[in-house]
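Keep in mind that this is a model prediction, so the values were computed, not measured. Naming: A, B, ... by sequence-line order, numbering from 1 per chain.
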Amino acid sequence: MEHDYDWREVEDRLYAEWLAANAFAPRDDGPSSGYDAILMPPPNVTGVLHVGHLLNGTLQDVLVRRAWQRGRCVLWQSGTDHAGISLQVKVEKDLQARGIDPSSLSREEFLGHAERWRDCHRDRILCQLQRLGICCDLSRRVHTLDPAYSRTVLHAFVELYRRGHIYRGRRMVNWCPVSGTAISDEEVFMQRRPGKLFYVRYEMVDAPGEFVEVATTRPETIPGDVAIAVHPADGRHANLVGRLCRRPFPEAPIPIIADEAVDPKFGTGALKITPAHAAVDYAVGERHGLPCREVIGPDGHMGILAGQELAGLDREEARERAVEVLRRRGLLSREEKYEHSVGISERSGVPIEPRLSVQWFLRYPKVDEAARAVERGLLRFFPAHWGKTYLHWLENIQDWCISRQLRWGHRIPVWYRPGWDRNDPHGRHVSLEAPPDGEDWEQEDDVLDTWFSSALWPLGTLGWPDGKAMAAKHFDCFYPTSTLVTGPDIIFFWVARMVIFSLEFLPGDASDASISRRIPFRHVHFTGIIRDDRGRKMSKSLGNSPEPLDLIDRHGADGVRFGLISSAVQGQDVQFSEERLAQGQHFCTKLWHACRLRLLQDGTTPSDRSSWEAIVGRLHADELNFVDRAILCQLFDARLRWDGALEFYEFQAGLQRLERFFRDDYCDWYVEVGKARRRLGLDCRASLAVQDLVLRHLLQLLSSAIPFVTQELWHRLGMGTERPLHMVPLPDGDFWNGALERCGIAPAKEEDVDRCAALREVLKALRALRTDVGGGGPIYYLPGTRWEDGCRELLSTLLGCGDFVALPAAGDRPVAVTSWGTFAMDHAANGREKLVAELGQLRRHVAANRAKLADAAFLAKAPPAVVEATRQLLEKNLALVARLEGLLGTECGRGKFF
RNA sequence: GGGCAGCUAGCUCAAUGGUUAGAGCAACUGGUUUACACCCAGUAGGUUAGAGGUUCGAAUCCUCUGUUGCCCACCA
């Protein structure tokens with residue numbers, strides 16, 4: 001076996017083999033203990049692979065491979081999202097770069113370009129993700145604009161319309177002037193921006209020279225003013241209500257009204273009302289029956305109603321111009337700096353414009369059931385606290401604006417009868433198919449929000465609503481899926497909406513049992529967000545995100561996977577550090593060498609390792625000593641903890657337990673003891689069988705986290721070649737209990753582990769002692785030292801010293817006090833200071849133990865096991881103190897030290 | 001303004017209310033006795049953000065304060 005592990009060669013070769021063997025497709029050809037499905041969050045076709053994808057992909061792969069190992073039939077559903085607005089923007093830029101004006105193209109021409117662009121990038125991310133070694137069945141991948149999936153989306157729209165959940169209406173929406181489309185509340189984020197607060201005077205119509213003053217940050221909307229509002233209880237302005245004042249431009253009289261929405265403490269206590277351009281003002285306008293004056297157009301430029309001073313200007317320019325005009329007319333009394341929150345379009349990064357427009361809306365159905373699913377634990381979140389965020393959103397849910405003024409996406413399946421009012425439901429045809437006399441009708445131009453189609457992902461990928469397709473895709477086996485692994489940033493965008501749509505579309509009542517059957521997944525594991533070393537979110541604009549494929553090139557897929565898992569503590573954001581990935585790589589190397597050592601030892605042939613039965617058959621209870629038994633106990637314990645941790649998606653904790661077992665218990669202890677035994681000329685056959693058992697089991701457990709190196713070592717050790725490691729069944733608890741019993745071990749028995757711990761403690765103390773004296777020489781043991789069976793030789797071999805020498809008293813030699821006894825070494829220098837410090841510490845512990853045991857309340861109320869443990873600890877500490885005091889008292893004189 | 005989550009060794013993080021709060025990295029000291037220097041052995045490093053409280057017992061539970069990050073809602 002080669003000295004170095006060449007993962008570059010191994011990873012490419014093995015992945016090609018797995019693909020060639022079609023090893024990732026769910027199949028029903030063997031004994032199966034059930035079905036599992038995992039939905040991969042579909043990446044955008046426009047997306048760029050980032051470290052978050054690596055983490056997400058790795059964690060899902062661990063779950064999927066484990067499910068395979070447990071004999072489950074697993075579907076890992078993948079696919080891509082058409083990415084609506086994001087792709088359209090990219091294609092438009094691309095066209096412009098080629099000298100083509102996108103707006104000059106017909107809908108069909110534009111879609112042709114977009115589809116070509118999409119096809120070029122379609123599966124790029126998924127293919128890149130394969131470098132990680134994910135066992136995802138790409139043959140079943142779905143794209144949200146595939147014909148079949150599109151039918152799912154349109155069917156859902158038609159059905160929701162038919163059930164009265166979708167309506168068309170003129171409402172205040174978030175308008176993105178750059179993209180020229182409405183966007184949902186979720187696509188707007190608030191940003192603190194410096195601005196100015198302008199104080200503007202409106203002259204009273206009936207009393208020239210008398211003014212009402214308002215404060216505004218948006219003077220360019222003054223042409224849209226239709227009223228001034230004050231709070232009804234505000235005494236300062238009570239005399240104004242019901243009178244008229246003069247709008248500065250275009251000049252017109254507007255009423256002064258009273259409305260509760262006004263905060264009398266802000267500004268002057270008077271608010272200008274612009275119903276067409278502010279949500280609050282719109283509500284006020286509705287209450288008072290005020291007209292709407294739209295002065296800003298869809299492209300963010302001032303319209304004709306803005307008057308000749310402002311018309312045609314961009315809204316930013318208009319603001320400056322408005323201020324100039326006001327100043328010139330003496331209507332601007334003052335201005336002050338003011339930092340305020342502005343809604344920003346997530347897509348284009350410019351301030352959104354609240355705008356009244358006709359859009360399609362969804363009144364969310366099944367909100368109560370969606371909430372109950374989480375409240376009752378039918379759908380569980382990990383970590384659970386995200387449930388509060390989810391429920392809070394559901395409690396304050398607003399209708400969802402689902403139409404987009406774009407071309408790229410699912411075109412809304414509504415046709416209007418020409419010449420009819422589009423708001424008249426009788427003039428509409430809402431169906432998957434165009435009306436029979438299609439050419440007379442006009443189809444809706446808008447497309448659906450891309451998240452509308454994403455919300456159908458669990459249903460559409462399994463063929464819904466087409467019964468034939470659902471049967472072909474085994475809907476009944478794979479739905480509901482087991483676990484969704486995603487980021488908490490899309491709880492609203494995606495997770496909640498999938499729950500709502502699934503509850504709505506699958507038939508059932510409101511009982512818990514029915515909800516359990518209809519929810520799209522039983523568990524959602526929210527990963528942390530990956531941040532850089534300064535705590536910032538990884539982002540393209542900051543340029544702080546490493547290139548994922550480079551990371552894999554540098555550390556290997558296994559190294560990257562191991563590093564990411566071990567830095568991803570549940571519930572915490574992940575601080576990315578490449579150092580972690582290097583550690584993962586080192587772990588793989590160490591594993592390689594541990595197996596290499598096993599092959600360098602003689603005594604067996606590969607067929608002795610080719611099955612569990614072969615290995616267990618080589619274990620005989622009478623040939624095993626307590627070190628052998630202990631390592632098997634520890635392996636069993638590590639397995640239990642790994643299983644237990646993964647039940648709760650605590651990947652890091654589980655992997656850490658396996659790592660500790662491998663490094664601390666197996667490599668640094670068990671293997672070293674094995675070497676010592678060989679040096680002592682003892683029979684090592686049993687030890688080799690134990691090594692085989694440990695390695696076989698460890699490789700299997702680790703294979704879900706680091707599939708490549710474990711698979712390669714599995715082959716090298718001759719443990720099996722017939723199928724990929726993730727298809728080899730993992731021995732269950734019954735098997736383990738049987739094997740342990742055969743070795744004379746009760747799984748719960750800790751005695752052998754304790755004996756090992758004691759031996760290791762002595763070994764460590766003696767190594768420390770030798771370090772202190774800075775050299776070799778004989779190691780003495782003082783009277784009262786008690787040796788475990790056979791451990792004297794083992795200890796001296798492990799230390800690489802000669803046999804221990806009995807000594808009646810330590811004299812002024814430095815000593816090590818252990819639970820077995822006291823040891824000493826020759827040294828010229830005085831090592832007693834350390835001893836004195838140790839005694840002091842021990843005495844403090846003894847005092848603390850005694851105080852506890854003297855406390856009646858402690859004895860009465862603490863559990864007996866705790867009291868007993870304290871008593872034993874006191875005894876142990878007392879023994880050590882006595883030994884130390886004896887040493888220091890007889891040989892050195894008590895007075896000298898105390 | 002409301003909510004959520006943090007605050008533990010120089011750094012990144014662990015620790016079912018129960019013994020003397022642990023790892024890794026970094027630092028320091030030593031080591032290539034044929035698995036591994038991508039390693040091993042050892043040393044040092046702590047008022048668990050602060051203050052109260054509950055408890056026989058608190059890093060852990062409660063209250064308040066400070067502080068950091070995120071989410072939601074926003075006064076024009």
Side-chain angles (χ1 to χ4, degrees), chain A residues 1 3-5 185 189-190 197-198 214-218 221 229 261-268 270-274 278-281 338 340-341 343 383 385-386 388-389 392-393 396 488-489 491-492 529 531 533 535-537 555 559 566-567 569 571-577 579-580 582-601 652-653 656 659-660 663-664 667-668 671-672 675 679 763-764 767-772 774-775 800 841-842 844-845 848-849 852 855-863 865-867 869-874 876-877:
Chain A
M1 188 162 159
H3 181 273
D4 294 317
Y5 171 48
D185 296 344
F189 65 93
M190 304 305 282
L197 194 56
F198 301 95
V214 303
T216 179
T217 55
R218 301 200 61 189
T221 64
V262 181
D263 177 3
K265 290 191 288 293
F266 187 89
T268 61
L271 173 64
K272 71 186 202 65
I273 301 298
T274 321
V280 171
D281 295 17
Y338 181 64
H340 60 143
S341 296
H385 69 78
W386 289 112
K388 291 183 185 173
T389 304
H392 182 259
W393 184 74
N396 298 285
D489 48 336
I491 288 182
F492 314 137
I529 292 166
R531 300 181 178 282
D533 54 4
R536 300 172 308 179
K537 198 166 166 176
H555 305 289
S566 50
S567 53
V569 177
Q572 299 294 311
D573 283 355
V574 181
Q575 174 137 328
F576 179 80
S577 92
E579 182 60 33
R580 288 271 192 178
Q583 285 170 32
Q585 182 191 339
H586 297 167
F587 179 88
C588 297
T589 307
K590 178 107 179 149
L591 190 63
W592 175 267
H593 283 286
C595 294
R596 179 165 174 266
L597 171 64
R598 178 63 194 86
L599 284 180
L600 289 175
Q601 293 171 336
Q652 183 264 354
Q656 188 182 35
E659 181 181 12
R660 289 176 79 92
R663 285 185 183 274
D664 299 352
C667 292
D668 296 346
V671 169
E672 292 305 320
K675 287 186 196 167
R679 257 175 257 137
L763 180 66
K764 183 173 169 147
R767 277 179 176 150
L769 175 65
R770 200 155 57 172
T771 302
D772 281 350
Q841 199 185 14
L842 271 170
R844 282 193 296 278
H845 292 160
N849 298 148
K852 252 185 171 178
D855 183 349
F858 174 71
L859 295 174
K861 295 187 177 175
V866 173
V867 177
T870 309
R871 200 164 272 143
Q872 280 177 15
L873 188 66
L874 173 64
K876 183 188 161 198
N877 285 336

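- H845(A) contributes atom NE2, which lies 10.5 Å from atom NZ of K876(A) (distance to the nearest 0.5 angstrom).
- An OP1 or OP2 oxygen of C75(B) is reached within less than 4.0 angstrom by no side-chain nitrogen or oxygen of Y338(A).
- Residue N396(A) is classed as having no contact, given no heavy-atom separation below 4.0 Å to the nucleic acid.
- One C1' atom belongs to U60(B), the other to C72(B), and the distance between them is 30 Å to the nearest Å.
- As judged by a 4.0 angstrom heavy-atom cut-off over every strand, P488(A) is placed among residues making no nucleic acid contact.
- Residue R660(A) is in sugar-phosphate contact alone, with no base atom involved, counting any heavy-atom pair closer than 4.0 Å across all strands shown.
- A73(B) and G22(B) are spaced 42 Å apart, taking the C1' atom of each and rounding to whole Å.
- Atom-to-atom distance recorded for D855(A):CG and T870(A):OG1 is 11.0 Å, nearest 0.5 angstrom.
- Nucleic acid contact class of A869(A) (heavy atoms, under 4.0 Å, all strands): none.
- Under 4.0 angstrom from either OP1 or OP2 of A35(B) there lies at least one side-chain N or O belonging to K675(A).
- Counting non-hydrogen atoms under 4.0 angstrom, C595(A) reaches nothing in the nucleic acid.
- Annotation: ring-ring contact (aromatic ring centres under 6.0 Å, His included) contacts of F198(A) (sequence neighbours excluded): none.
- Nucleic acid contact class of S341(A) (heavy atoms, under 4.0 Å, all strands): base.
- K764(A) comes within contact range of the sugar-phosphate backbone alone, with a heavy-atom separation under 4.0 Å but no base atom that close.
- Looking at heavy-atom distances under 4.0 Å, Q583(A) makes contact with sugar-phosphate atoms alone, never a base.
- Using a 4.0 Å cut-off, no side-chain N or O of K388(A) falls inside it from OP1 or OP2 of C72(B).
- Backbone-only contact: H392(A) has heavy atoms under 4.0 Å from sugar-phosphate atoms and none from a base.
- Contacts of D263(A) with the nucleic acid, taken as non-hydrogen atoms under 4.0 Å apart, include base atoms.
- With rounding to the nearest 0.5 Å, the separation of CG in L271(A) from OG1 in T216(A) is 8.5 Å.
- Contact annotation for V280(A): backbone-only contact, meaning every heavy-atom pair under 4.0 Å involves sugar-phosphate atoms and none involves a base.
- We find that NE2 of H385(A) is positioned 13 Å from C1' of G69(B), with the value rounded to whole Å.
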Reading RNA chain B 5' to 3', what string of ( ), [ ], | and . shows its pairs, if Watson-Crick and G-U wobble pairs count only when both distances fall under 3.5 Å? (((((((..((((....[...)))).(((((.......))))).....(((((..]....))))))))))))....
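- The CD atom of E672(A) sits 10.0 Å away from the CG atom of L763(A) when rounded to the nearest 0.5 Å.
- Note on M190(A): a base of the nucleic acid sits closer than 4.0 angstrom, heavy atoms only.
- Nucleotides A37(B) and U32(B) place their C1' atoms 8 Å apart, quoted to the nearest Å.
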